[in-house]
Amino acid sequence: QVQLVESGGGLVQPGGSLRLSCAASKFTSNADGIGWFRQAPGREREGVACLSGNGLLTSYKRGMGGRLAIFRDNTKNIVFLRMENLEPEDTGLYYCARAQDAYDDCSILRQSQYTDWGPGTQVTVSA
């Protein structure tokens, strides 16, 4: 089992930026994909971004792609999510999760594919 820990959340004003980090206890070579998800109060958890194990495939929530960037530092087993021009609607608890056997696969819709989840980091966008 892989342990994941998110960090980098906080309170930010509308239009601001954040970089979230997902630190993993280990990655299994390059077969592990990582996804970022969020859950706002009273709403279902939804996918935000994902990155395939080989680092070549990404996917972003429709309408957010221009404000997001997901990338990986393999030397430190950390996956980052850069979010820009944040809006109040981006408020929520952000989770990262690992998908096994995802060398060249990435989906933010198939949450069942993700087997290990972090506890989440809170992002609040408010003036």
Side-chain angles (χ1 to χ4, degrees):
Q1 188 175 7
V2 173
Q3 282 75 47
L4 303 171
V5 178
E6 304 91 342
S7 61
L11 174 63
V12 62
Q13 293 186 343
S17 301
L18 283 176
R19 188 182 76 170
L20 305 183
S21 300
C22 174
S25 58
K26 65 176 181 178
F27 282 127
T28 306
S29 65
N30 57 357
D32 291 341
I34 288 291
W36 281 96
F37 300 83
R38 70 183 182 188
Q39 187 165 21
R43 302 186 66 177
E44 292 187 354
R45 187 173 63 194
E46 62 178 355
V48 176
C50 64
L51 177 68
S52 62
N54 61 10
L56 298 180
L57 182 64
T58 60
S59 182
Y60 298 101
K61 175 177 168 60
R62 184 171 297 181
M64 293 187 69
R67 302 192 290 118
L68 303 177
I70 184 171
F71 53 100
R72 186 169 183 164
D73 182 342
N74 286 325
T75 64
K76 299 180 179 179
N77 284 345
I78 299 177
V79 175
F80 300 96
L81 178 67
R82 173 75 177 174
M83 302 190 294
E84 298 181 345
N85 196 19
L86 286 162
E87 304 168 352
E89 292 72 24
D90 296 317
T91 295
L93 189 60
Y94 282 70
Y95 303 91
C96 67
R98 179 185 75 134
Q100 300 180 64
D101 300 322
Y103 173 76
D104 56 358
D105 183 33
C106 169
S107 171
I108 57 173
L109 298 179
R110 298 194 305 266
Q111 292 194 29
S112 60
Q113 181 183 16
Y114 295 85
T115 56
D116 303 287
W117 293 77
T121 184
Q122 178 67 36
V123 171
T124 303
V125 184
S126 175

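Looking only at side-chain heavy atoms (C-beta outward), Pro14 and Pro88 come within less than 4.5 Å of each other. No side-chain heavy atom of Met83 sits under 4.5 Å from any side-chain heavy atom of Trp36. Between Ile70 and Tyr60 there is a side-chain heavy-atom pair separated by less than 4.5 Å. Residues Ile108 and Lys61 form a side-chain contact, since some pair of their non-hydrogen atoms from C-beta on lies under 4.5 Å apart. Contact check for Asp116 versus Gln3: no side-chain heavy atoms found under the 4.5 Å cut-off. Looking only at side-chain heavy atoms (C-beta outward), Leu18 and Asp90 stay at 4.5 Å or farther from each other. Taking 4.5 Å as the limit, some side-chain heavy atom of Arg110 sits within range of a side-chain heavy atom of Asp105. Residues Val123 and Arg38 are not in side-chain contact: their nearest non-hydrogen atoms beyond the backbone lie 4.5 Å or more apart.
Pairing each heavy atom of Gln39 with each of Arg45, the nearest pair is NE2-N, 3.8 Å. Closest approach of Thr91 and Gln122 over heavy atoms only: CG2-NE2, 4.0 Å. Between Leu4 and Pro119, the shortest heavy-atom distance links the atoms O-CD, 3.4 Å.
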Verdict with supporting geometry, Phe37 and Tyr95, ring-ring contact (aromatic ring centres under 6.0 Å, His included): CA-CA 5 Å; Phe37 300 83; Tyr95 303 91; 8.4 Å; no
Worked check of side-chain contact (heavy atoms from CB on, under 4.5 Å) between Ser126 and Leu11: CA-CA 7 Å; Ser126 175; Leu11 174 63; 4.2 Å; yes
side-chain contact (heavy atoms from CB on, under 4.5 Å) between Gln100 and Asp32, worked out: CA-CA 5 Å; Gln100 300 180 64; Asp32 291 341; 4.3 Å; yes
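For the atom pair OG1 of Thr124 and CD of Gln13, the computed distance is 13.0 Å after rounding to the nearest 0.5 Å. Put simply, CG on Leu68 and CG on Leu81 are 5.5 Å apart, with the number rounded to the nearest 0.5 Å. Within the model, atoms OG of Ser52 and CD1 of Ile34 stand 11.0 Å from one another, a figure rounded to the nearest 0.5 Å. Note that CG of Leu93 and CD of Glu6 are 7.5 Å apart. Values are rounded to the nearest 0.5 Å. A distance of 11.0 Å separates CZ in Arg82 from OG in Ser21, rounded to the nearest 0.5 Å. Atom CE in Met64 sits 10.5 Å away from atom CD in Glu89 (nearest 0.5 Å).
Hydrophobic clustering (ILVMFWY, side-chain heavy atoms < 4.5 Å, transitive): Tyr94 and Tyr114 are in distinct clusters. Follow the hydrophobic side-chain contacts under 4.5 Å out from Val12 and you reach Val48 in the same cluster.
Judged by distance alone, with hydrogens and angles left aside, the side-chain atoms of Glu84 form no donor-acceptor pair with the main-chain N or O of Arg67 at under 3.5 Å. Not a single donor-acceptor pair under 3.5 Å links the side chain of Gln113 to the backbone N or O of Ala99.
The local environment of OH in Tyr103 is sparse, with at most 12 non-hydrogen atoms from other residues, nucleotides or ligands closer than 6.0 Å.
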